[in-house]
Amino acid sequence: MPVRNAAIAAIFDEIADLLEIESANPFRIRAYRNAARTIQGLGADLRVLLDQGEDLTQIPGIGKDLAAKIKEIIDTGSCAALRKLHERVPPALSDLLRIPGLGPKRVGALYKALGIRTRKQLQSALQQRRIRNLPGFGEKTEARILEVLQADLQKKRHFQLVTAAGYAESLVKYLKDTKGVQDVIVAGSVRRCKETVGDLDIVATARRDSPVMDRFTAYDEVKEVLSQGTTRTTIVLKCGLQVDLRVVPKTSLGAALQYFTGSKAHNIAIRRLGQRRGLKINEYGVFKNDRRVGGATEKSVYASVGLAYMPPELRENRGEIELARRGPLPTLVQLPDCKGDLHCHTRASNGGNSIREMALAARAHNLQYLAITDHSKGSSIARSLDERRLLAQWQEIDRLNDELEGIYLLKGIEVHILEDGRLDLADTILGQLDLVLGSIYSDFGLSRAKQTRRIQRAMNHPHFSILADPSGRLLEERGPINVDMARVIHEARNRGCFLELNAQPKRLDLVDSYCQMAKQEGVLISIDSGAYRTSDFDNLRFGVGQARRGWLTPADVLNTSSLGKVCKLLKRTMQ
Ligand code: DGT
Ligand code: CA
Ligand code: CA
């Protein structure tokens, strides 16, 4: 799991912060910021890439200098450049930068004039009205910062699912390897496959004499132990992620899992159902007049209120309880149901591997077909394909299809949907492909009406197959475009085309609620890796998680079909 990537990105971000406080060269600052973002979004573990002898400068935005620093961080756990900066700028200052309204200039001024390094010091200076007289500040600024600071104290940082799940899986392995420990299960938002995660909740059972809590607090990545008890311990990892571990008796395991998996809204609804039946449901069990009537398994908790077991991804109080009361729950799509992947890149555009390498990796992930969909020439992306290079790519695909067993390559492209809805490659070319993905790579800020019309027009193109990255969002970076998604989905149905759920951790786009909408309209969703390198196929599981949150069954997903059926379905859109 790409656990260390987050740590490397954090170091680069911190360097950028401190450089900014020092008013260093803006290009230098931006280089660190961009690299941090790239690393965060990378599917592959940098440590693994290095071990495999890969050239990190192949990654966009990573030059020689940054590649060397990445290696240094992986080898030594830290970075001399950061240590040097710390000699000049107190590390705590970078935290002050995160307060809205406090740019590097102001943070620098607060430090130089008043020696303020921490939020606490800032808060007391604000309360003592010592800040209003500094140049560049005033009474209004003072009041605003105080307000933001107080609101910020209540907010919690969030982590991408891939990062949180990576830490969770390592911890589970570590805890399981402890004397007397029986079950160790990740609950909370990670178990529900939520795209971002506030903290980790782990539920375990253990023999009475097991040293599980001591082992937990001794974990290599622990920064701080917030509290330690025999049933509950809370730690903070070096990356800032908080982890709660609860150790419960076997008889309560189901109840504890159900409770700590949440969501809170779902739990409240379940508990209310219980109350109506005279039952008390909590993290210890299900009780009738203080007598235990369930709680050893999650199934027993749901059975006590007359419901079938519910997959965690459904537990959001978005109608799943009513659905369960009406009849059997849908059998949600699972990773092995996906037979192919309809979106990936190769070295021909901005991917990191050859077509052959991608094909073999897809096969190793039990996929039977893979569409090669490099960027077309109109996109601003480096090395995108023009007609001539595309023809050469087709020849190579034909050769590989002759040669390789067990994996079939489809000829595709990811075209750029222009501002007016046109596609950026000639019809004569598009007509010869097996599929055409269309995505938005510019003009994210169009009005709702214009953006909706733009996509409708693109979909109306006779060769359009799949709307890729439908909302264009990048977690922590860019919000979704403003678009009437209901209309887009309706248009897709009329046109017989499809929407994608891109499984890249920072995309997970289409989002769950729109998956539900597409399902209702009968529009199939293609769960794709959008892979840029061979290791990105690992991300498919997060796409499946998001699809399950959107209630999708195998029948609602395009790439659960056999190759023959997918080709037929794609032909329908290609006319
Ligand atoms: P997160 O950590 O913000 O990503 O989201 P969760 O869902 O993991 O929330 P968290 O860690 O605050 O709590 C874990 C679970 O514990 C939550 O999903 C449901 C349960 N829980 C927490 N507080 C309450 C509560 O006040 N009432 C009930 N019924 N359940 C709660
Ligand atoms: Ca949590
Ligand atoms: Ca928690």
Side-chain angles (χ1 to χ4, degrees), residues 6 152-172 175 184-204 213 216-217 219 222-229 231-237 239-248 252-277 279-287 294-295 298 301-302 304-305 307 310-318 320-321 475-476 505-506 508 511-513 542 545-546 548-549:
D152 227 49
L153 283 175
Q154 337 224 332
K155 257 198 260 154
K156 208 160 77 170
R157 195 185 145 198
H158 272 72
F159 292 78
Q160 282 179 25
L161 177 59
V162 64
T163 311
Y167 280 106
E169 281 155 23
S170 306
L171 249 172
V172 166
L175 288 172
V184 184
I185 304 169
V186 180
S189 46
V190 169
R191 187 162 177 239
R192 302 198 313 278
C193 287
K194 224 171 152 231
E195 60 205 25
T196 59
V197 169
D199 71 2
L200 296 184
D201 305 276
I202 300 181
V203 177
M213 289 308 191
F216 181 50
T217 55
Y219 188 55
V222 171
K223 181 170 85 183
E224 199 186 344
V225 179
L226 294 184
S227 68
Q228 180 168 0
T231 59
R232 175 179 177 172
T233 294
T234 303
I235 59 158
V236 183
L237 298 175
C239 64
L241 183 62
Q242 189 175 310
V243 191
D244 288 334
L245 173 64
R246 278 128 178 142
V247 179
V248 302
S252 296
L253 179 60
L257 260 184
Q258 199 281 329
Y259 183 91
F260 292 113
T261 296
S263 67
K264 192 169 160 182
H266 172 87
N267 286 357
I268 290 170
I270 293 289
R271 215 165 32 197
R272 210 166 279 146
L273 282 183
Q275 279 161 1
R276 271 190 237 146
R277 295 170 172 238
L279 298 172
K280 196 169 107 196
I281 301 176
N282 57 29
E283 60 267 52
Y284 306 107
V286 182
F287 302 92
E298 285 193 296
V301 177
Y302 285 102
S304 75
V305 291
L307 298 178
M310 209 173 279
E313 296 92 337
L314 292 182
R315 304 181 194 173
E316 295 290 346
N317 200 27
R318 288 195 294 210
E320 72 277 10
I321 293 174
L475 287 172
E476 297 170 284
K506 63 176 172 181
L508 291 173
V511 299
D512 46 20
S513 49
F542 299 112
Q546 182 84 259
R548 289 168 65 85
R549 290 176 59 81

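Atoms within each ligand, like the ligands themselves, are counted from 1 in listed order. Along the sequence shown, residues carry numbers from 1.
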Quiz item: For ligand 1, which part of S189 has a heavy atom less than 4.0 Å away: the side chain, the backbone, both, or neither?
Solution: both

Quiz item: Can you tell me if Q546 uses its side chain to pair, donor with acceptor, with the backbone of D512 under 3.5 Å?
Solution: yes

Quiz item: For I268 and ligand 1, does the shortest N/O to N/O distance drop below 3.5 Å?
Solution: no

Quiz item: Can you tell which part of D199 has a heavy atom less than 4.0 Å from ligand 1: side chain, backbone, both or neither?
Solution: both

Quiz item: Which atoms of ligand 1 sit under 4.0 Å from any heavy atom of G198?
Solution: 1 (P), 2 (O), 3 (O), 4 (O)

Quiz prompt | Ionic contact status for R191 with E298, cut-off 4.0 Å | solution = yes

Practice problem: For V197, counting its heavy atoms only, list the atoms of ligand 1 lying under 4.0 Å from any of them. | Solution: 4 (O)

Quiz item: Of all residues at least two apart in sequence or in a different chain, which pass the salt bridge (charged side-chain N to carboxylate O under 4.0 Å, His left out) check with E195?
Solution: R473

Quiz item: For ligand 1, which atoms sit closer than 4.0 Å to a heavy atom of D201?
Solution: 8 (O), 11 (O), 14 (C)

Quiz item: Taking all non-hydrogen atoms of both residues, which atom of S227 and which atom of T233 are closest, and how far apart?
Solution: O-CG2, 3.2 Å

Quiz item: Please state the angle at the Ca ion (ligand 2) spanned by OD2 of D201 and OD1 of D199: what is it, rounded to 10 degrees?
Solution: 100°

Self-check item: Under 4.0 Å to a heavy atom of F260 - the qualifying atoms of ligand 1, by number
Solution: 14 (C), 15 (C), 16 (O)

Quiz item: Counting N and O atoms only, with roles assigned by atom type, does the side chain of S263 sit under 3.5 Å from a partner on the main chain of H266, one being a donor and the other an acceptor?
Solution: yes

Quiz item: Has ligand 1 got any nitrogen or oxygen that is less than 3.5 angstrom from a nitrogen or oxygen of S263?
Solution: no

Quiz item: If every non-hydrogen atom of V247 is compared with every non-hydrogen atom of M213, which pair is closest and at what distance?
Solution: CG2-CE, 3.5 Å

Quiz item: Hey, does K194 sit under 4.0 Å from ligand 1 if you only count heavy atoms?
Solution: no

Quiz item: So, does R315 use its side chain to make a donor-acceptor pair with the main chain of R192 at under 3.5 Å?
Solution: no

Quiz prompt | Contact atoms of ligand 1, heavy-atom distance to T261 under 4.0 Å | solution = 18 (O)

Self-check item: Test of proximity, R192 against ligand 1: N or O pairs below 3.5 Å
Solution: yes

Quiz prompt | Crowding at OH, Y219 (>12 non-hydrogen neighbours, <6.0 Å) | solution = yes

Quiz item: Which atoms of ligand 1 are found less than 4.0 Å from any heavy atom of G188?
Solution: 8 (O)

Quiz item: Any idea which atoms of ligand 1 are less than 4.0 Å away from a heavy-atom of N267?
Solution: 19 (C), 20 (C), 29 (N), 30 (N)

Quiz item: Of all the heavy atoms in V190, does at least one lie under 4.0 Å from an atom in ligand 1?
Solution: no

Quiz item: Is the shortest distance from a heavy atom of R271 to ligand 1 less than 4.0 Å?
Solution: yes

Quiz item: At a non-hydrogen distance cut-off of under 4.0 Å, which region of D244 contacts ligand 1 (side chain, backbone, both, or neither)?
Solution: neither

Quiz prompt | Closest approach to the Ca ion (ligand 3) by D244, given as the N, O or S atom name | solution = OD2

Quiz prompt | Residues that R246 engages under salt bridge (charged side-chain N to carboxylate O under 4.0 Å, His left out), provided they are two or more places apart | solution = D201, D244

Exercise. Could you go through the side-chain contact (heavy atoms from CB on, under 4.5 Å) check for Y259 and V203 one step at a time?
Key: CA-CA 10 Å; Y259 183 91; V203 177; over 6 Å; no

Quiz prompt | Test item: E169 side-chain N/O and G166 main-chain N/O as donor-acceptor pair under 3.5 Å | solution = no

